[in-house]
Visitor: 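I'd like to ask some things about the structure below.
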Amino acid sequence: MATVKAVRGTRDLLPPETELWNRIEATARQVFARYNFGEIRTPIFEDTGLFARSVGEETDIVEKEMYTWDDGERFEKSLLISRWSLANRERFGTVEDNSPSGAGPIDLECEDLDGNFELVLFGAKPSKRSVDVLASAVSDKRALLTQLQSDKEVTGRHVFASPVPGVPEETTPEGVLLEAFHGNFFKSSQSLTLRPENTAGVVRAYIEHGLGESGQLQKLYYIGPQFRRERPQKGRYRQFWQIGAEVIGPPSAGSESALRDAEVLEMLATLLDELGIGGWALELNSVGSAADRAGYNDVLRAALVDVAPKMCGDCQRRAVTNPLRVLDCKVPEDQPIIDGLPKIGDSLGDDSKQHFAQVTAALDAAGVPYTLNQRLVRGLDYYTRTTFEFTHGGLGAQNALLGGGRYDGLSEAIGGPKAPGIGFAMGLDRLVLTLQAQEAVVGAAPAAKADAYVAPIGESLNAAALILARDLRRAGLSVELGDGSFRLKKSFEAADKIARRIVILGEDEHQSGILTVKDFTTGTQTKVPRAELAAHLARPAGE
RNA sequence: GCGGCUAUAGUUCAGCGGCAGAACGCCUGACUGUGGCUCAGGAUGUCGUGGGUUCGAUCCCCACUAGCCGCCCCA
């Protein structure tokens, strides 16, 4: 029997690797706290419409990478089928009787009509298969159900016509309506999606809880898994982890100020430094207001008409579908052409230019190094004005550690108040890879060992050992508990691997209350009264 | 979604159309209340899954699945 494995693009994080993850998360929380960010935890799934409207209908994420499902009550469907089958046992008793035009493949449709739900069973043009299907439907409702659920050829054919409730009728040339049911059969049906990113959820929560009403700037961070159905690669998974933060609020709270952009960028520089990421680079750009961006898109599209035929195949396609993406092209031959294209900086309005100048001036003053990259146009629709990316060499094709930008119109796009904001998302999976690579060079610190290993000799002392371990643990020590069924040799072998000292609890020690402690670092063995044991074990190894 | 490479022991990997291998790790003993170092011995396994070719396939062929690298896109 094939064993069940983690599904493609997902993975387990095990010790000791999880220590690194926790260290990163703890560092991030500390840094965020110093900048007065609070944690927000939003649901892992949201209404599909949220992502369609925020991330952008036309983006790859929404078009083909989301995990989306319908949250209707699917069981009701089978009830309806069985009801239909019973009701028509008589009428469709024979194949000939039932098929004025021949009973075709049977299908189900349901649709929301005026708040109620319509469910329709209909047959299409006759075929040998469809006759068989119907025959089994009449004789056995379970067989019909199986057919409907398993046979793609049957269930895949959708021909829908508006029915008269309860009355069979002719429908389209392709199909004959067999029966229609009308009523509130489906209590609810909603399209849900595993979040592909977290900014949309944060802004949704901001709107839903009226956080803008406080008049205060909201500074929120999150840490959690996101989901995109992409082809897995190193540092890219279908369930991936992001740490991100958002600064959002009403304009009166200063949410549009370039100072906020600079503060976020300076915080990120600090965070990466404190994480020990060496050699990061900040790339910075402004895509301007929504209008600036649209204008540039037109200018770029026009400019590409002449030069695109000389470019790579991908670029020729992008020139039509998404001109901004041409700027991302990595084909060497195309680079001179791209350099000759109009720059987005020339399409920025005065407001956008001034805002961006303030951002860079603040970064200069704070000593945060950056490089301007006019080709940096982020893929998500909601970005405006400042966009940025922190990259790191040694990540292969996936060289972006984190990315983000300003999204002044996002709240309004999903039905909220005017609430400009700026935020970022950091790929935790890649951050871990980067740190692991660095530590491999520097030399990873050995895994932390427990303070002590309590080794009872004989199973009769197991309970006493449990109590001893409990007391040491309550004193704040990390303690592993051995098993009295082990021979002492085995206890030593096990203990040496996972603890700094071993505490032997044999009959002698149990009677006298004076325990035998051996320090693995020095190999010295001492007798320690139980009352002094915790203090003794708390000392560094070798002392 | 597309292209290339890969899949053998717990791990890292050799290997060959004819008995399944190494290192490390693991277990046992030398040593019944003392680890590391050493020595002796042992088990490693559906050779990714399913087909095909062949007297015979872990090896050759095909498909599938998964991983890695690149593309697309993105964190």
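These numbers come from a predicted model, not from an experiment. Excluded from the calculations below are hydrogen atoms, water molecules and symmetry mates; all remaining heavy atoms, backbone and side chain alike, are included.
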Visitor: Distance-only criterion, 3.5 Å: show the donor-acceptor pairs between side-chain atoms of residues 259-266 of chain A and protein atoms not counting sequence neighbours.
Guide:
{"from": "A:R260", "atom 1": "NE", "to": "A:E263", "atom 2": "OE1", "distance (Å)": "3.3"}
{"from": "A:R260", "atom 1": "NH2", "to": "A:E263", "atom 2": "OE1", "distance (Å)": "2.8"}
{"from": "A:D261", "atom 1": "OD1", "to": "A:R406", "atom 2": "NE", "distance (Å)": "3.2"}
{"from": "A:D261", "atom 1": "OD1", "to": "A:R406", "atom 2": "NH2", "distance (Å)": "2.5"}
{"from": "A:D261", "atom 1": "OD2", "to": "A:T386", "atom 2": "OG1", "distance (Å)": "2.7"}
{"from": "A:D261", "atom 1": "OD2", "to": "A:R406", "atom 2": "NE", "distance (Å)": "3.1"}
{"from": "A:E263", "atom 1": "OE2", "to": "A:K219", "atom 2": "NZ", "distance (Å)": "3.2"}
{"from": "A:E266", "atom 1": "OE1", "to": "A:Y35", "atom 2": "OH", "distance (Å)": "3.0"}
{"from": "A:E266", "atom 1": "OE2", "to": "A:Y35", "atom 2": "OH", "distance (Å)": "2.9"}
{"from": "A:E266", "atom 1": "OE2", "to": "A:T270", "atom 2": "OG1", "distance (Å)": "2.9"}

Visitor: Please give, in whole Å, the distance from B:rG4 P to A:R231 CZ?
Guide: 11 Å
Visitor: Map A:A6 and A:Q242 onto RNA chain B by nearest heavy atom, then report which one ends up closer to the 5' terminus.
Guide: A:A6
Visitor: For A:E230, which contact category applies under a 4.0 Å heavy-atom criterion: base, sugar-phosphate, or nothing?
Guide: base
Visitor: Expressed in angstrom and rounded to an integer, what is the separation of A:L324 atom CG from B:rC72 atom P?
Guide: 16 Å
Visitor: Can you tell me whether the side chain of A:R236 and the base of B:rC73 have a donor-acceptor pair closer than 3.5 Å?
Guide: yes
Visitor: Reading nucleotides 31-38 of chain B from the 5' end, what letters show protein touch, with B for base, S for backbone sugar-phosphate only, - for no heavy atom under 4.0 Å?
Guide: --BBBB--
Visitor: Using the C1' atom as the reference point in each nucleotide, state the distance between B:rG10 and B:rC27 in Å, no decimals.
Guide: 13 Å
Visitor: The side chain of A:R325 is closest to which nucleotide in this list: B:rG67, B:rC73, B:rC2?
Guide: B:rC73
Visitor: Under 3.5 Å, is there a donor-acceptor pair between the A:Y206 and A:E246 side chains?
Guide: no
Visitor: Rounded to whole Å, please give me the gap between OH in A:Y382 and P in B:rC74.
Guide: 12 Å
Visitor: Starting at the 5' end of RNA chain B, write a dot or bracket for each base, bracketing those in Watson-Crick or G-U wobble pairs whose two distances are under 3.5 Å and using | for partners on another strand.
Guide: (((((((..((((....[..)))).(((((.......))))).....(((((..]....))))))))))))....
Visitor: Give the nucleotide from the list B:rC68, B:rA75, B:rC72 with an atom nearest to the side chain of A:Q233.
Guide: B:rC72
Visitor: Given A:T387, which of A:V377, A:I344, A:V287, A:I422 fulfils the side-chain contact (heavy atoms from CB on, under 4.5 Å) condition?
Guide: A:V287
Visitor: Quick one: label A:G9 by what it contacts on the DNA or RNA (base, sugar-phosphate, nothing), any heavy atom closer than 4.0 Å.
Guide: sugar-phosphate
Visitor: Looking only at side chains, do A:K527 and A:T516 share a donor and an acceptor under 3.5 Å apart?
Guide: yes
Visitor: Is it true that the side chains of A:S347 and A:D292 contain a donor and an acceptor less than 3.5 Å apart?
Guide: no
Visitor: Calculate the interatomic distance between A:K5 atom NZ and B:rA7 atom C1'; express it in whole Å.
Guide: 10 Å
Visitor: Whole angstrom is fine here: how far is it from CG in A:D429 over to P in B:rC74?
Guide: 18 Å
Visitor: For this output row, return yes or no: ring centroids of A:F32 and A:Y221 closer than 6.0 angstrom.
Guide: yes
Visitor: Which nucleotide, B:rC72, B:rG1, B:rA66, lies nearest any side-chain atom of A:R8?
Guide: B:rA66
Visitor: Are the charged groups of A:R11 and A:D429 less than 4.0 angstrom apart, N to O?
Guide: yes
Visitor: Considering residues, nucleotides and ligands other than A:Y67, do more than 12 of their heavy atoms fall under 6.0 Å from its OH?
Guide: yes
Visitor: Which part of the nucleic acid, if any, lies within contact of A:R229, taking any heavy atom under 4.0 Å across all strands shown: a base, the sugar-phosphate backbone alone, or nothing?
Guide: sugar-phosphate
Visitor: Show, in sequence, the C-alpha distance, side-chain angles and deciding distance for A:T68 and A:T193, and conclude whether the side-chain hydrogen bond (donor to acceptor under 3.5 Å, both in side chains) test is met.
Guide: CA-CA 4 Å; A:T68 297; A:T193 293; 2.8 Å; yes
Visitor: Can you check whether any acceptor in the base of B:rC74 is under 3.5 Å from a donor in the side chain of A:R430, or vice versa?
Guide: yes
Visitor: Quick one: the side chain of A:R228 and the base of B:rA75, do they pair up donor-acceptor inside 3.5 Å?
Guide: yes
Visitor: How many Å lie between NZ on A:K64 and P on B:rC73, as a whole number?
Guide: 8 Å
Visitor: Answer syn or anti for B:rC19, where the cut-off is 90° from 0 on the glycosidic torsion.
Guide: syn
Visitor: Compute whether any side-chain donor of one residue and acceptor of the other, for A:S289 and A:T384, lie under 3.5 angstrom apart.
Guide: no
Visitor: Provide, to the nearest angstrom, the distance between the CG atom belonging to A:N198 and the P atom belonging to B:rC74.
Guide: 18 Å
